[in-house]
2 protein chains.
Amino acid sequence: MAVTLADVAARAGVSAATVSRVLSGNYPVAGATRSRVLRAVEELEYVVNGPASSLAAATSDLVGVLVNDIADPFFGIMASAVQSEMEPEKAGGKLAVVCNTGGSPERELTYLMLLQRQRAAAVVLTGSAVEDPGHAEALAARLRRLAAAGTRVVLCGRPPLPEAGGDGGQGGGKGAAGAGPGGTGAPLTVAFDNRGGARRLTEHLLALGHRRIGYVAGPAERTTTRHRLEGHRAALADHDRDHGRDLLTEADRLTVHGAYDRSSGYDGALELLRREPGLTAVLAANDTVALGVCAALREAGLSIPGDVSVAGFDDLPFSADASPSLTTVRIPLHEAGARAGRLALGRESAPPGDVATVRTELMVRASTAAPRTD
Amino acid sequence: MAVTLADVAARAGVSAATVSRVLSGNYPVAGATRSRVLRAVEELEYVVNGPASSLAAATSDLVGVLVNDIADPFFGIMASAVQSEMEPEKAGGKLAVVCNTGGSPERELTYLMLLQRQRAAAVVLTGSAVEDPGHAEALAARLRRLAAAGTRVVLCGRPPLPEAGGDGGQGGGKGAAGAGPGGTGAPLTVAFDNRGGARRLTEHLLALGHRRIGYVAGPAERTTTRHRLEGHRAALADHDRDHGRDLLTEADRLTVHGAYDRSSGYDGALELLRREPGLTAVLAANDTVALGVCAALREAGLSIPGDVSVAGFDDLPFSADASPSLTTVRIPLHEAGARAGRLALGRESAPPGDVATVRTELMVRASTAAPRTD
DNA sequence: CCTGGGATAGAAAGCGCTTTCTAAAGCGAG
DNA sequence: CTCGCTTTAGAAAGCGCTTTCTATCCCAGG
């Protein structure tokens, strides 16, 4: 039905082997022959059969990118950056496959299985991990298998995996977990400095004079949430130590958890206001949540930053445009994604300790100011 | 190196054929045999070799989704909806491959070529098309070839292709353009009623009493831009006819073009203000552009909607949250994407005339109001 | 007790490509 | 003018799976 290598070979008056060599370009072919082949390819509109090629060569030009929510620019930016490194137009270029897990660990495993089935060249996992030990172990096992199968695994924006727990059990599995081609076994990691960012953000609020600071945090079970919370508390603890205060114990009461969406911010802010009407500042899990917080505060008749300061996290494109513009912690998502992409392609060597941390940066804008002196 | 079908067959004490049948499930296998095979699969942690499977079966479980900008929720929502129809966890499930073209027609062709190489089961093209005749013909040719190769082609949010131009030329190509399996030849289309939406939006402003309406339109060469502009002008023309006015001739002067981003809105609004300081309303190419328009107007000391009304297009999630909340034209992106996904899978039969139009809906919010009576 | 047919499983022929291994030229050196 | 090397191209053996074709087994019906 479709045009095959043999057809091209016949037309060019050469063997199939020669055509293959011309197209892959990793073997010397005389100039005249080469151009004869290329002409035949043109004339017949030949397109390589990818599956056949992958089967024979035992390689694939697919790179999987797992994201929690493709409709969220946070992930869109990273995915776009990963993809920008793939050079699909070039001969050895890769095709990035963006898979939307919806944040579900089960779906994540499903996609990883499908990617393994496709013998993907690499897999990039973005987004925060769920801390449930069962899921974590299942995920680690799957990633180990992928690595053993020669797929490069890169984590982007999630913490490095814990060391292998169980011994993997039965079956005379051969490779001692991933000395496979191009895999160091342990996944490469591009980590965000969430702790440091949250810490600097809280320090900023403390320096402005805020003492009653609410926190609308992300889902309780995700690593990112925990890290940001830890940074926040570390700043409070430092402050307590230096000033003999006790903000840290208050922090529990002033923290609520929700999803990474606007309504969580809205609801969270109302709940915080209920718990502590004297609130002067609210930290949000991310910028989207911060927008919800702002909406709730405004509806409660509070001005920002006049009555309450609000700060977000991530610095998405819309954050600078919000009114008031959001104080937030910038995560260089594009840079991180691009780096993850290069690691996935093996174009950049693994960072020391296999973990590259990208710095976060405090962006002070209009939504935070000193509290009213009452 | 890796576990193969033969290994599983040996372990289960059956033939490779039987294992294949158990896994694909489209052939009767006795219960006892079946469970013996499944146990062997478990024990050996067998994962099917996708390329081999695709080669032998001459099918693939890849579905390509082309988007202009993956970081833009407009496309993210559609992509997510397409993906939600794929059921990757099921046996016959598909793997959606989201490809970011960056709006470049060349990259679009590159991705289509790669997807054809992978023998993708279907391809969904989202986003507006470029109207350049050269590109349009190249694209149409590529899509024809895809269809001829048995790949289902679905257009989502772009107009149906023009009828085949050239006759395709040389080579005794067989199929008369795509009576291939499951392809009707002509791509299936899910179209947005951009004209109608723009028309109703303009009518809304006219009804409020606006007469000097600026338009910060999208890139001049894209179909979507043209359609929205046509709707806008149709409304103006109707008004002129009924009221003996001449708003239509003014429209040219009050239209500027830009990209689909915030800064285009910002710059565009400033330019419009320069051309017509007495502007009472501004339409934007989409909601992101509208935000830029709002920012520019505000910096110019104008209040929204007090001095100038602003309206967008698309109704992205952030639009209701902006302050003031944006009047806009809602495009049911999720619904459209899901439908495109179903068409791609052949789970929904083709619409009459192969074009399904999804309705757009005017969302009147706080950013539009009657102009000041001066 | 024999036979025909349904149910189940195996043998084997590819699918279209890559890649050794091998052969045929082409060319300088002895 | 021949020998041995390099350069270039073909032959053919898979890669791991699917699927047709065929063989076997078992049971009901005659």
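Note on naming: letters A, B, ... go to the chains in the order of the sequence lines (proteins, then strands), and numbering restarts at 1 for each one. Remember, it's a predicted structure, so these values are computed and weren't measured experimentally.
Atoms CG (A:Asn49) and P (D:dC17) sit 16 Å apart, rounded to a whole Å. Note: CG (A:Asp7) to P (C:dG16) measures 9 Å, nearest angstrom. The distance from atom CZ of A:Arg36 to atom C1' of D:dT8 is 12 Å, rounded to the nearest whole Å. Distance, A:Arg119 CZ to D:dC17 P: 7 Å, rounded to whole Å. Between the CG atom of A:Leu55 and the P atom of D:dC15 there is a distance of 9 Å, rounded to whole Å. For the pair B:Leu5 CG and D:dG16 P, the computed distance is 10 Å after rounding to whole Å.
Between B:Leu112 and B:Val123, some side-chain heavy-atom pair lies under the 4.5 Å cut-off.
Within the structure, a side-chain polar atom (N or O) of B:Ser15 is placed less than 4.0 Å from OP1 or OP2 of C:dG10. Residue A:Thr33 places none of its side-chain N or O atoms closer than 4.0 Å to OP1 or OP2 of D:dT8.
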Taking it one step at a time, do A:Thr101 and A:Ser104 satisfy side-chain hydrogen bond (donor to acceptor under 3.5 Å, both in side chains)? CA-CA 6 Å; A:Thr101 66; A:Ser104 141; over 6 Å; no
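By the 4.0 Å N-to-carboxylate-O rule, A:Arg342 lies too far from A:Glu87 to be salt-bridged with it.
Annotation: proximity of residues 16-30 of chain B to DNA chain D (heavy atom, distance under 4.0 Å) is found for B:Ala17, B:Ser20, B:Arg21, numbered in ascending order.
Of the candidates C:dG10, D:dC17, C:dG16, the closest approach to any side-chain atom of B:Val14 belongs to C:dG10. Out of C:dT19, C:dG16, D:dG16, the shortest distance to the side chain of B:Ala52 is found at D:dG16.
Closest heavy-atom contact between A:Leu343 and A:Ala350: CD2-CA, 4.1 Å. Taking every heavy atom of both residues into account, A:Ile70 and B:Ala79 meet most closely at CD1-CB, 4.0 Å.
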